[in-house]
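Step one of this worksheet: look at the structure below.
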Amino acid sequence: MEFTIRVWRQAGPGSKGELKVYRANNVSADSSFIEMMTELNIHLLEMGDEPVAFEADCLEGICGTCSMMIDGVAHGPEKGTTTCQLFMRSFKDGATITVEPFRAGAFPVLKDLVVDRSAFDRIVQQGGFISVNTGNAPDGNAVLVPKDQAETSMDAAECIGCGACVASCKNGSAMLFVSAKAAHFANLPQGQAERYRRTILMVEQMDKEGFGACTNQYECEAVCPKEISVNFIGQLNRDYMVGKLKGAGGK
Amino acid sequence: MTLDARIPPGDIKDKWTRFQSEMKLVNPANKRKYSVIVVGAGLAGASAAATLAELGYHVECFVFHDSPRRAHSIAAQGGINAAKNYQNDGDSVWRLFYDTVKGGDFRAREANVYRLAEISTSIIDHCVALGVPFAREYGGTLANRSFGGVQVSRTFYARGQTGQQLLLGAYATLSRQIGLGQVRMHTRSEMTDVVVVDGRARGIVTRNLVTGEISSHRADAVVIATGGYSNVFFLSTNAKGSNTSAIWRAHKRGAYFGNPCYTQIHPTCIPAVGEQQAKLTLMSESLRNDGRIWVPKSKGDKRAASSIPESERDYYLERKYPSFGNLAPRDIASRSAKEVCDDGRGVGPGERGVYLDFRDAIARLGRPVIEERYGNLFDMYAKITGEDPYNTPMRIYPAPHYTMGGLWVDYNLMSTVPGLFVIGEANFSDHGANRLGASALMQGLADGYFILPSTIGNYFASSKLPALGADGEKALASAADESRALFTKLVNIKGKRAVDSYHRELGTLMWDRCGMGRNAPGLNDAIQRIGALREEFWTNVNVPGSSNDLNMSLEYAARVADYFELAELMCMDALHREESCGGHFREESQTPDGEARRDDQQFCYVGAWEYTGKVSASRLHKEPLSFDNVHLVERSYK
């Protein structure tokens with residue numbers, strides 16, 4: 001297969017970027033998008049050009065490292081798929097493909113397609129955990145967790161922290177990410193003790209990081225590679241309100 | 001230097017308890033005066049960093065990723081073992097210990113394995129408390145599944161994403177300590193060297209991957225938790241970034257390398273398709289619970305799977321190993337797949353593949369049950385291959401997956417450099433010559449949550465660690481200068497050939513000569529060729545850009561440079577070990593009917609290599625293994 005690839009090139013955080021046009025020839029339909037980009041880089045190297053900086057690691061859709069806007073859609077055209085699990089057979093031979101970084105105010109570009117998503121980590125550091133030290137745990141079966149609760153918790157916990165939800169939101173909102181983190185714990189008996197405090201602290205940090213508000217467009221759910229449901233945002237809002245009424249969240 | 005494993009005396013069942021009761025302690029108020037560097041934040045690193053911080057130590061944690069949540073532990077699918085006996089099927093700590101020693105083909109240290117089995121139950125309790133959403137039964141109790149090489153159900157799981165959920169648990173608890181200021185987290189920072197002062201590890205050198213800045217960091221102890229080195233094969237199931245550099249540089253500073261040739265070739269991966277392929281994808285071994293593995297009985301049978309009648313199929317694992325069948329251990333399943341493909345009965349492109357067929361399971365249990373158990377794995381397979389595994393059998397083939405070899409450590413998980421601890425896959429570990437399924441997660445978390453936090457305190461309490469003087473400062477500065485020189489050298493070669501191309505060539509060579517089947521002429525030839533390729537690399541590699549900014553080609557080049565040296569050592573180790581053990585079939589050592597022949601008379605030891613300035617001059621030290629509890633027998637899964 002052959003493609004024309006328009007890629008965002010930006011030397012560093014402060015520099016001005018632009019879209020540059022390259023050719024990708026002899027691409028196998030079985031190649032993943034990352035493999036295609038790797039081949040493109042080898043070609044650029046041969047031409048004496050600097051390779052495009054982009055991130056990808058596990059190449060099996062679970063680590064959340066890869067992050068590309070492909071033709072304006074986070075992780076490209078396939079539903080429930082990360083960039084590394086997107087295969088070139090999903091594109092028309094001869095197509096022009098535009099590749100940009102995940103853009104959001106809270107995700108500054110470091111170089112080309114590489115962005116800084118550490119704001120997510122700082123949100124989790126505020127409350128995305130259950131406070132229990134090693135050595136305190138009762139027997140694993142001491143607390144029974146009804147199967148449906150465990151499943152709902154797992155549905156939320158599957159979030160890979162890639163940031164597609166933020167990149168695709170016109171407000172740059174991180175509500176899907178934060179709500180998934182909160183719901184993972186809020187749906188388990190073990191997570192009840194800190195439920196409201198956790199919610200409020202994470203939401204406060206989210207605001208500090210400059211993520212926007214949610215206006216219920218559901219672009220996030222549409223691009224989420226793990227297809228995490230926006231229902232969790234409802235739960236987050238509810239827990240935030242209840243938490244505020246209870247006066248939770250003080251350190 | 002003689003190797004002392006420092007195994008506590010006494011009955012195997014009491015060793016760990018005894019160690020804990022007799023170890024020296026650090027007063028709670030003094031703990032904050034000690035600083036520990038943890039390199040890596042996978043299951044082992046994140047759990048260790050968090051637990052050390054909970055105890056009160058000051059922790060500095062370094063990862064090359066953009067976040068501590070990305071480590072490759074996240075990709076583990078199937079599960080984690082624990083001797084809970086929740087299924088009332090006769091499981092016990094003893095049985096998990098026995099299975100692991102036997103599964104490791106009698107090349108692991110008994111005392112370590114027993115401790116691992118003992119701690120396994122606490123891991124599950126702790127992970128549940130941390131909110132890991134394990135699979136549950138309707139009554140709310142924890143669910144279990146079976147895994148290869150054992151006859152009980154002791155594997156705990158969270159859909160097909162157990163590694164992800166355990167890692168997110170460790171990441172969450174680490175994040176809590178970062179938020180509390182007990183851990184300082186350094187992301188996008190790659191370790192480039194260990195600093196040894198007066199014979200003790202006292203710091204590391206790192207490169208900031210965004211700015212290229214090289215800096216040195218001091219500490220009272222260094223913990224390396226940077227995982228395995230399967231990427232030496234280029235195509236493996238590891239993440240692209242997984243690399244050997246941290247342990248290799250530590251090796252060059254004095255840490256012995258244990259059993260480098262012990263690598264695990266995982267039986268159930270999606271076969272390679274083309275030359276542009278960047279990695280191999282693993283399909284969880286748990287699929288072997290319900291899938292049946294077969295190839296056509298006749299050579300070169302090109303018919304579609306569905307048109308091959310039952311009588312013309314060879315379910316070779318069920319035929320050869322009736323009591324374990326499709327759940328034979330990984331090494332045996334991998335080797336058998338290679339045998340039938342070498343015999344010309346492989347399926348799919350290039351005939352390097354065997355079928356993993358769910359037809360019978362779907363007929364027996366119905367599609368919804370199979371969807372619930374393996375849905376995400378089936379989806380992943382369909383995405384990658386474009387085939388629907390509900391209707392056509394999956395095609396699988398073995399691929400490099402895990403490295404049992406790693407830095408040699410004693411019972412305290414300390415390397416031959418005092419103060420340098422190595423945990424998780426990075427150490428030569430508890431798995432001997434072959435690791436059983438669902439035990440890597442168990443080992444990483446046992447090391448990080450429970451073992452290291454005890455043993456490191458014992459080290460602090462029994463060592464004098466003076467503040468670093470002028471000599472220490474000099475060592476920190478000169479190690480940083482050496483790292484700077486390395487990166488400058490790489491960008492100044494300005495040759496013609498891409499790093500990727502060297503890595504592919506090295507990997508292919510290693511897979512052919514030091515993979516599942518090995519022989520002396522092949523290994524000798526590989527050693528020659530690695531040397532020649534390495535020489536070319538250092539004169540002709542093309543690393544564009546500068547060493548002072550985000551330069552992924554440069555990061556990659558430095559890692560590949562280390563693979564060359566490691567590859568040579570792996571071949572030397574494989575060459576000296578003239579026996580077949582675990583997944584490694586040494587062609588000169590086989591029984592009359594072609595089965596692997598282990599040689600306990602000559603090779604019942606851990607081979608630990610000392611770096612002496614040049615890989616080819618590495619010196620071999622032996623730690624003899626004694627089996628006082630599980631008696632040395634030929635492994636049989638028939």
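Throughout, protein chains are lettered first and strands after them, A, B, ... in sequence-line order, and every chain is numbered starting at 1.
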(request) State, without any angle test, whether A:Asp148 and B:Tyr138 hold a side-chain donor-acceptor pair at a distance under 3.5 Å. (result) no

(message) Is B:Thr141 close to chain A through its backbone or its side chain, or both, or neither, when contacts mean heavy atoms under 4.5 Å?
(response) both

(message) Using only atom types and a distance under 3.5 Å, with no angle test, would you say the side chain of A:Asn141 pairs donor to acceptor with the backbone of B:Leu142?
(response) yes

(request) Might you work through the salt bridge (Lys or Arg N to Asp or Glu O under 4.0 Å) test for B:Arg70 and A:Glu55, ending with a clear yes or no? (result) CA-CA 12 Å; B:Arg70 310 266 189 235; A:Glu55 290 188 292; over 6 Å; no

(message) Report which part of B:Phe134 has an atom under 4.5 Å of a heavy atom belonging to chain A: side chain, backbone, both, or neither.
(response) backbone

(message) Check A:Asp139 with B:Lys84, please: is the shortest side-chain N to carboxylate O separation under 4.0 Å?
(response) yes

(request) Give, as side chain, backbone, both or neither, the part of B:Thr385 having an atom under 4.5 angstrom from any heavy atom of chain A. (result) backbone

(message) Quick check against the 3.5 Å criterion: does B:Arg176 have a side-chain atom that pairs as donor or acceptor with the backbone of A:Phe129?
(response) no

(request) Inspect the contact between A:Glu60 and B:Lys279 and indicate whether a charged nitrogen and a carboxylate oxygen are less than 4.0 angstrom apart. (result) yes

(request) Take B:Arg159 and A:Glu158 through the salt bridge (Lys or Arg N to Asp or Glu O under 4.0 Å) test and state the conclusion after the steps. (result) CA-CA 10 Å; B:Arg159 294 192 189 148; A:Glu158 282 186 324; 3.3 Å; yes

(request) Determine yes or no for a side-chain-to-main-chain donor-acceptor pair under 3.5 angstrom, with B:Gln165 supplying the side chain and A:Ala157 the backbone. (result) yes

(request) Identify which part of A:Arg122 has an atom lying under 4.5 Å from any heavy atom of chain B, answering side chain, backbone, both or neither. (result) neither

(request) For B:Glu137 and A:Lys147, indicate whether the former's side chain and the latter's backbone hold a donor-acceptor pair under 3.5 Å. (result) no

(message) Less than 3.5 Å apart, any donor N or O on the side chain of A:Ser28 or B:Gln276 sitting next to an acceptor on the other?
(response) no

(request) Determine yes or no for a side-chain-to-main-chain donor-acceptor pair under 3.5 angstrom, with A:Gln190 supplying the side chain and B:Val128 the backbone. (result) yes

(request) Check for a donor-acceptor pair, side chain of A:Asp57 on one end and backbone N or O of B:Gly241 on the other, with a separation under 3.5 Å. (result) yes

(message) Any carboxylate oxygen within less than 4.0 angstrom of a Lys/Arg side-chain nitrogen, looking at A:Asp121 and B:Arg69?
(response) no

(message) For B:His72, which atoms come within 4.5 Å of any heavy atom of chain A: side chain, backbone, both, or neither?
(response) side chain

(message) So does B:Gly545 get a backbone contact from the side chain of A:Glu50, meaning a donor-acceptor N/O pair under 3.5 Å?
(response) no

(message) Quick check on A:Thr81 against chain B: is it the side chain, the backbone, both or neither that has a heavy atom closer than 4.5 Å?
(response) both

